[in-house]
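One structure is given here, and the rest of the page talks about it.
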Amino acid sequence: MNYQWYPGHMTKAKRMMQENIGLIDLVIELVDARIPLSSRNPDIDELSKNKARLILLNKSDLADAEANRLWITYFQKKGFHVLEVDAKSGQGMKAIQGIVREACREKIERDRRRGIKNRPIRAIVVGIPNVGKSTFINSFAGKACTKTGNKPGVTKGKQWIRMNRELELLDTPGILWPKFESEEVGRNLALIGSMNDEILEMTQLSSDLIGYLLAHYRELLAQRYQMSGIDDGTTALDVLTHICEQRKCYKKGREADYEKAASVLLEDFRSGRIGRITLELPAENGKTADR
Ligand code: G4P
């Protein structure tokens, strides 16, 4: 499948980041906990050089709890400060202030040595579209300061949200574009709903997802669709046919409507109704979205 995504906006987004980065002490990078690597843009490391870094595994409520722990260790080993959060419900948000202070310890020390008092840490929230940046800023700031929605866009003019005496947040999140370095990355982004479904082949995508679920989350799949007898010989088509029957996805004349079954499955997955599922694990843990 050919995955494409707003290529024309990439340069603009990068420029916005470059313009703002000079004002920043701390980069708070949101990734989607279900695909922590596929939802990153590797340019962020170059753009944030010499800044304090905090990675938030957002939407951790939708991801596998065990996988969240593995990813935390993975990013910590790479020298990042990292937390799992659910910006929508607020879960995990209380720990942020403490970890921000830890991540910025050097800057705080430097200010103290130079006799600078009460200069707040200035932070920017960055991430690819739909990863939860606006939701996070709203939740963290405790009121609706920015609009949420899944359309990427940049607000004009810089404004700082004063979180407390120690921390100011740029009200406009930095938008990064994911890097389609492999088909797997494209597929992962498509699976979590970060691409326009209209350009995707939904039955192919759902078959890929079923293949992955059969390999790694068989129980959850069986439970969700009350499908007994799943074994190593079960195919994606068997599962889609079962969903057609179970959810009455028929075209006229009782012909199975596989496209409808595919969107039922994808919608169930994206909203967490199948269960908490992570699509990629750190390489050393050996679970990727490949079948
Ligand atoms: P963005 O600024 O990075 O583009 O993302 P935004 O905050 O607009 O969030 C994109 C979608 O992700 C929103 O759903 C939002 O509610 C959801 N979301 C954000 N953080 C979390 C989280 O931690 N857990 C879960 N489960 N969902 C999260 P939406 O369907 O576009 O809007 P809504 O119907 O939820 O308001």
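Nothing fancy with the numbering, it's 1 onward along the sequence. Note that ligands are numbered from 1 as they come in the structure, with each ligand's atoms numbered from 1 the same way.
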Between N188 and S38, is there a side-chain donor-acceptor contact under 3.5 Å, judged purely by atom types and distance?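 Yes, side-chain donor-acceptor contact under 3.5 Å.
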Among R34, Q91, K59, closest by any non-hydrogen atom to atom 18 (N) of ligand 1: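 Closest candidate by heavy-atom distance is K59.
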Answer yes or no: does an N/O atom from [X] fall short of 3.5 Å to an N/O atom of ligand 1?
X	answer
V85	no
K133	yes
A87	yes
L62	no

Not counting sequence neighbours, which residues clear side chain to side chain contact (heavy atoms under 4.5 Å, CB included) with A87? List them please.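 Testing A87 for side chain to side chain contact (heavy atoms under 4.5 Å, CB included), a comparison that skips the adjacent residues, returns N58, T135, F136.
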Check this for me: does any side-chain nitrogen of one of K49 and D45 sit under 4.0 Å from a carboxylate oxygen of the other?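 Judged by the 4.0 Å cut-off on N to carboxylate O distance, K49 and D45 do not form a salt bridge.
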Ligand 1 atoms in contact with D61 (distance to a heavy atom under 4.0 Å):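 Counting from 1, the qualifying ligand atoms are 22 (C), 23 (O), 24 (N), 25 (C), 26 (N).
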More than 12 heavy atoms of other residues, nucleotides or ligands under 6.0 Å from CD of E259: yes or no?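 No - once you tally the heavy atoms of other residues, nucleotides and ligands closer than 6.0 Å, there are 12 at most.
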Donor-acceptor contacts, no H, no angles, side chain residues 222-230, under 3.5 Å, sequence neighbours left out:
{"from": "R224", "atom 1": "NE", "to": "D268", "atom 2": "OD2", "distance (Å)": "3.3"}
{"from": "Y225", "atom 1": "OH", "to": "D268", "atom 2": "OD2", "distance (Å)": "2.7"}
{"from": "Q226", "atom 1": "OE1", "to": "Q246", "atom 2": "NE2", "distance (Å)": "3.3"}

